[in-house]
Visitor: 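Take a look at the following structure, please.
Owing to the predicted nature of the structure, the values given are computational and were not obtained by experimental measurement.
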Amino acid sequence: MNSSEQLCISLLRECKTLNNLKQIHAFALKTRLENDPFIAGKFLLLCAVSLADALDYGRRIFLHIPSPDVFMYNTLVRGLSESESPQQSVIAYIKMRRSSTSQPDSFSFAFTLKAAANYKSLNTGVQLHCQALNHGLDTHLFVRTTLVSMYAECGCINSARKAFDELSQPNVVAWNAIVTACFRCGDLKGAELAFNQMPFRNMTSWNVMLAGYTKAGELELARRSFLEMPVKDAVSWSTLIVGFAHHGSFYEAFGFFRELQRFGMRPNEVSLTGVLSACAQAGAFEFGKIVHGYMEKAGFNRIISVSNALLDTYAKCGNIGMARLVFAWMMEKKNIVSWTSMMAGFAMHGFGKEAVELFHEMEDVGLRPDGITFISILYACSHAGLIEQGCEVFHKMTEVYKIEPSIEHYGCMVDLFGRAGLLKEAYEFIIRMPIEPNAIIWRTLLGACSIHKNVRLAERVKEQLSELDPDNSGDHVLLSNIYAVTGKWKDVAAVRRSMTDRRIKKTPGWSMIEVDKVMYTFVVGEGPNGVIEEAYEKLGEIMLRLKVEGGYIPEIGSVLHDIEEEEKEDAVSRHSEKLAVAFGMARLCQGSIIRIVKNLRVCKDCHTVMKLISEVYKLEIVVRDRSRFHSFKDGSCSCRDFW
DNA sequence: CTAGGGTTAG
């Protein structure tokens, strides 16, 4: 070994980034070391496995290797199996089969089978299984373990079980794989049975149970296993936080996050994204800021996934300014999720123009938008009334980027036309669509009929909905609202009667507000003990002042105009969003912004009241409803009364 | 090198 070879190897050992690697690679080219099999193998391993965003560079290096050995092929196959296009991994494997220099070994099959599992191709998986069999490698423990997970990923629990049962001496990993396999296929009992049969368990086996339970929505079982576990690690905590956040149990997620720190452990990137996701969903702005502070201190702001989650949190907590700041200044690196989240943030806040500009900027930096990016941008266009831009974007998606529109994209287009009052265009668009419209598509059109008071079309649409999703409370409410605004009271009564007859209950509305880092939830006329009285008292005072100073007149028919009405004769005055606002005004100090999160859409009367409050009391209210943000300031709302 | 945790839309 000569001295430049030694230098190169020690440099590679310290290599941390792609740029670093490129420098070393230049050195290797200059000293003619690039064809040294050991060094070339090291380069590949770093590119394919260790370094971020280096896979493409690794592929280019690979192309220049005259006759790659098995290790080199396996490394490439491995890197590609975890990439966005795992199909490429199998293609690389096929190239190896065609080459005269190398034959597949057990690693080749472990990696390619993982690739097949990642893109859920049973066909590929079975073929690889056969080839492994021909090479006498299908009984290899690692290959077999991957076979178990591949079959489970592809939905074949029986084949997975067979692959496991044929193992004479399964190790822990193989046992974990069969437990996971059972969970993947929805067989909780099978997973529990396997877990109990395991002759040995390490912490990972427990973590597998936690993950399986939370993914199945069995939060209580997950909690119980968590308490039972003898030793917990970072993954256990992360799994629990993410799982609870994902299933809407935000307070528990916050609780586990605090507890983790009390146990003297440090939050990692996964628990941070999990807790931020809980903040975003719950609208917990103050808690989000605390997490942000921790991120800055501990250096997590450099990790893309965490800063993406933070950007989303600020946007969903109503602070688009902070979201913008995170996007523009905090993120050294951005990926497609960052750009898409920023666009979605703009969309929620009604900043259609900004979203479209950002989309073009994204194209300019050479990043390829994906299907989700297009949903966000179309959503932005429809909520801001940018019809032309929306059509242009849709056209670009199919013609330039060759992305096949999904039902959600079609839904955005229906919304784009419908919301703008182009009901005929919206209807024709549905008829011309190459895929079968689902209930969501028709519901979107029904919403548009409601905004633009078109009874005839609404009735036609409702017929479609009655076939696809007859018991949806929102649809009935929407139809009854359309009858109400057009004065068809008999029809209103008929819809209501059919709802009672068929025992269709409307979704109860709730609103949340965060005061002193505690979240308070209100439902119609109700709230936490000791708090509800305070809210009512303040609300009475507010309404009086609005009538005297703001000229407020409660709309007589407004109960019936509710988009997702929470009727009952006097219900409007007790709507959860009014109670939450009143409580916030009673408790929060002067000058602070009142932030409310609501599960349904804001009702018309509440919308009017909030505009008046912002004027009479000179304060700012931000309401996040089911689909967007309303920022009330100086007597008007950012949605321009269009929602 | 095989098993376990993640952010974006609806």
Visitor: Just the rounded figure in Å: distance from C1' of B:dT8 to OH of A:Y379.
Guide: 13 Å
Visitor: Does the ring centre of A:F257 sit less than 6.0 Å away from the ring centre of A:W237?
Guide: no
Visitor: In whole Å, what is the span from the CG atom of A:D138 to the C1' atom of B:dT2?
Guide: 15 Å
Visitor: Mind calculating the distance between NE2 (A:H349) and P (B:dA9) to the nearest angstrom?
Guide: 12 Å
Visitor: What nucleotide, of B:dA3, B:dG5, B:dA9, holds the atom closest to the side chain of A:I375?
Guide: B:dA9
Visitor: Strictly by salt bridge (Lys or Arg N to Asp or Glu O under 4.0 Å), give each pair with a member in residues 222-232 of chain A just once, sequence neighbours left out.
Guide: A:E220-A:R223, A:R223-A:E252
Visitor: Consider the side chain of A:K215, meaning its heavy atoms from C-beta on, and name the nucleotide among B:dG10, B:dG5, B:dT8 that approaches it most closely.
Guide: B:dG5
Visitor: How is A:T204 classified with respect to the nucleic acid when contacts are heavy atoms under 4.0 Å: base, sugar-phosphate, or nothing?
Guide: base
Visitor: Considering only side-chain heavy atoms of A:F111, which listed nucleotide, B:dT7, B:dG10, B:dT2, is closest?
Guide: B:dT2
Visitor: Any idea which of B:dT8, B:dA3, B:dG5 is nearest the A:K316 side chain?
Guide: B:dT8
Visitor: Students often get this wrong, so: under 4.0 angstrom with heavy atoms, is A:A211 touching a base, only sugar-phosphate, or nothing?
Guide: sugar-phosphate
Visitor: Which listed nucleotide (B:dG5, B:dA3, B:dT8) is nearest to the side chain of A:V270?
Guide: B:dG5
Visitor: Just compare B:dA3, B:dA9, B:dT2 and give me whichever is closest to any side-chain atom of A:N176.
Guide: B:dA3
Visitor: Any idea how A:F346 and A:F351 line up, ring-wise: parallel (<30°), tilted (30 to 60°), or perpendicular (>60°)?
Guide: tilted
Visitor: Kindly write out the residues that satisfy salt bridge (Lys or Arg N to Asp or Glu O under 4.0 Å) with A:K42, not counting sequence neighbours, or none if the list is empty.
Guide: none
Visitor: Can you check the A:F629 CZ to B:dA9 P distance for me, whole Å?
Guide: 11 Å
Visitor: In whole Å, I'd like the distance from the CE atom of A:M413 to the P atom of B:dG10.
Guide: 16 Å
Visitor: Whole-Å distance between B:dT8 C1' and A:L358 CG?
Guide: 13 Å
Visitor: Is A:D370 touching bases, backbone alone, or none of the nucleic acid, heavy atoms closer than 4.0 Å?
Guide: nothing
Visitor: Take atom CZ of A:F327 and atom C1' of B:dT8, then tell me their distance rounded to the nearest Å.
Guide: 12 Å
Visitor: A:W339 and side-chain contact (heavy atoms from CB on, under 4.5 Å): which single residue from A:L358, A:N308, A:T373, A:D370 fits?
Guide: A:L358
Visitor: Which part of the nucleic acid, if any, lies within reach of A:V242 when heavy atoms closer than 4.0 Å are counted: base, sugar-phosphate only, or nothing?
Guide: sugar-phosphate
Visitor: Name the closest nucleotide to the A:D233 side chain, picking from B:dG4, B:dG5, B:dT8.
Guide: B:dG4
Visitor: Give A:S341 one of three labels, base, sugar-phosphate or nothing, depending on what nucleic acid heavy atoms sit under 4.0 Å from its own.
Guide: sugar-phosphate
Visitor: Looking only at the side chain of A:N308 (C-beta and beyond, no hydrogens), which of the listed nucleotides B:dT8, B:dT7, B:dG4 gets closest?
Guide: B:dT7
Visitor: Once you round it to whole Å, what is the distance between P of B:dG10 and CG of A:N438?
Guide: 14 Å
Visitor: Taking the minimum atom-to-atom distance to the side chain of A:I372, which one of B:dT7, B:dA9, B:dG5 wins?
Guide: B:dA9
Visitor: Answer yes or no for A:R368 and A:Y401: cation-pi contact, defined as NZ/CZ to six-membered ring centre under 6.0 Å and angle to ring axis within 45°.
Guide: no
